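Below, read A as the first sequence line, B as the second, and so on, with proteins coming before strands; counting in each chain starts at 1. Values reported hereafter were calculated over all heavy atoms of this structure, with side chains retained and with hydrogens, waters and symmetry mates removed. Every value quoted in this text rests on a predicted model; they were computed, and no experiment measured them.
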Amino acid sequence: MLTISNLTATVGDKQILNGISLTVRAGEVHAIMGPNGSGKSTLAQVIAGHPGYEVTGGSITYDGKDLLEMEPEERAHAGVFLAFQYPIEIPGVSNAYFLRTAYNEVRKSRGEPEVDPMDFLDVMAEKLKVVEMDEAMLQRSVNTGFSGGEKKRNEILQMAVLEPKLAILDETDSGLDIDALRIVADGVNKLRRPDRATIVVTHYQRLLNYIVPDFVHVLAGGRIVKSGGKELALELEAKGYDWLVGEPTGATA
Amino acid sequence: MSTMDVRETPLLRQWSEPADSAGWLRALRTRAVASVEQHGFPTPRNEDWHFTNPAPITEASLEPMQPAAGALTEAEVARVAISPAGWARLVFVNGRHAPHLSHVGQLPDGVRLMSLASALLEEPTLVEQHLGRVARFEEQAFAFTALNTAFMQDGVFLSVPANVTVETPIHLVFITDARGNGGMAHPRNLFVIGQHARATVVEQYATTAGGTYLTNTVTEAVIGDGATLTHHKLQREGRDAFHVGHIESTLGRDAHYVSFAFATGAALARSNIYTTLAGAGCGATLNGLYMLDGTQVSDHQTRIEHAEPNCYSREHYKGVLDDASHGVFNGKVYVHAIAQKTDGKQTNNTLLLSPEARIDTKPQLEIFADDVKCTHGATVGQLDDRMAFYLKSRGIGAAAARQLLTYAFAADVLETIELEPLREALEREALERFVR
Ligand SMILES: Nc1ncnc2c1ncn2[C@@H]1O[C@H](COP(=O)(O)OP(=O)(O)OP(=O)(O)O)[C@@H](O)[C@H]1O
Ligand SMILES: [Mg+2]
């Protein structure tokens, strides 16, 4: 489904990704771990098409297409979804309007008819249950004044509405209490299907108890320095990253 | 410009000795025309017109506006004017009252809502007492107000007696039709709100046909002690039209004036909103939103005069400027020495959607009292890239994202409109203003 080869990317004149290769097949769950500043979010943002990062080499193929040639919205239409580490607040746009617009834009791109506000409420009623979110959150401005946990849940709500094929969760578990963590993980698991794939970026093994990964990768200094099965996450929890990167945690190449 | 030159400008060419039966009105008109002759029309050398050159108006060859081509239908009015059922409505077409489109309905006892021409006959004392006494005109900067005073024929007269609350919104619609092309109209309104009375007015300017014409309008409001006037102005003139509007109010003790100015129309527009806080403890809330594109020029001037202690003023104007449009905002606050404990706040935010768009924003605070709190702030920005990317990452394309974020920028100031059907209509309009 997703093939990243030898990807390098910069922001300004700073090189952040130093040759990443990763293959994700349909049905798989990949976890990406690694020290702060190692480039995990950068990789996620590059996949989503953030214009602030310049891809200087390598390629990303998604469903046989050159992902890097696609606009961010085209990627979303094609089923790519990024749950942001830091969701953006948009004062003045209600969550309901935002979700409906996104839902309809994705439908339009597939040649499906738009749904009107009344029918969309029915869609929402079901999705809200997935993330155990109150309907009142729909009337508030997108993420504006939401607590950290509410923002993360709102990301999962958007994911539930858009039903992506490739979901990338960037530290969606950070800042969640244990109940919220379970809700978010359940939400993700409900969306798992053999034709969909998930990449979870996390610092914590506890999420991986709920969302069990097929592969765990360690990103350090803009490279994948180790890959393994789910037991690698346990090993990292016990030993930290130093034994892998050979230098103090947090440094970039 | 010499006196003779001014006389010969198209704007004054039609002047002849006033024929009104009321002597005070003849004297008022004569005084007004003399003022224009003495001062001439403003140019950018006039401080109040520094950013907006009125030459396209003063040099255009405009004639007095022709009467309407025929009777407008309700559907035509509905197409250009919001008109929720149940509002009291007075419609004017090409400056002339259109009774067949107007319906006042049941208003509380003692409320007078009629054309100004009727009021001159039915309420001569009240009209004489206030008309021409609120809106200043004897300065070059106010030449258009003087012009209106000299040539006014009709408009709306509203009088609300003491202690009466008019729940029904009052809607004034000024429409220019195809016959208005090349013409100028001078609508004139007068509102007299008695002590502890309340009223809500929506004053709207629109066109069914476009064309090059001038609407030069003046509204005066006298707001009694403890009274509240909520006053919305919607300027949606045609894309080739000129609009000059002057609204001036004076407030009694503990009175409130709440104003919202919404402007999307005209090639060149100037809108003054002046208010004098003339009674202790009163206050004004002046908010507005202008959304421009193409080569539109729209200039909003507000002036709040704190003339008594313990008054407040709240002002928030927002502008969205696309293409090569040009917005001007000038917020004057004048605090007299006596006006201690004044509490004033002014904000102007601009969203520039294009590198060619331009805003001139100028707060102007003149404070002569020492115990006051007056703040002002202005921001000018572009669309937020992070927000745009967030929307795109959810499948919302560039054009839709731009539209949504533009709307989001304007949303908070629109939310201050308490009149719900109006707020909803303007929210829709704001959302659709920059659809491409
Ligand atoms: N817009 C930017 N401008 C400058 N530096 C940036 C920018 N974005 C990222 N970086 C830098 O790139 C490096 C990688 O950042 P990134 O956010 O990808 O790390 P991360 O692995 O997600 O870290 P964390 O675990 O803390 O979320 C960091 O050193 C960061 O400061
Ligand atoms: Mg990160």
For this session: Against chain B, work out which of A:Pro164, A:Pro87, A:Gly92, A:Ala48 has the most heavy-atom pairs shorter than 4.5 Å and name it.
Result: A:Gly92

Problem set entry | Most contacts with chain A, counted as non-hydrogen pairs under 4.5 angstrom, among B:Ala408, B:Ala410, B:Ser393 | B:Ala408

Contact class of [X] relative to chain B, heavy atoms under 4.5 angstrom:
X: A:Tyr103; answer: neither
X: A:Val161; answer: neither
X: A:Glu71; answer: neither

Exercise. Using 30° and 60° as the class limits, which term best fits the ring planes of B:Tyr312 and B:His256: parallel, tilted or perpendicular?
Worked result: tilted

Exercise. Got a donor-acceptor contact below 3.5 angstrom from the B:Asp323 side chain to the B:Gly294 backbone?
Worked result: yes

Exercise. Taking A:Lys40 for the side chain and A:Gly34 for the main chain, is one N or O donor matched with an acceptor at less than 3.5 Å?
Worked result: yes

Exercise. Quick one: what part of B:Ala400 sits under 4.5 Å from any heavy atom of chain A, side chain, backbone, both or neither?
Worked result: side chain

Problem set entry | Proximity breakdown for B:Leu414 and chain A, heavy-atom pairs closer than 4.5 Å | neither

Problem set entry | Cation over ring face, B:Arg394 and B:Tyr390, 6.0 Å, 45° | yes

For this session: Give, for atom CZ of A:Arg140 and atom CD of A:Glu89, the distance between the pair rounded to the nearest 0.5 Å.
Result: 10.0 Å

For this session: Hey, could you give me the OG1/NE2 distance between B:Thr200 and B:His232, rounded to the nearest 0.5 Å?
Result: 6.5 Å

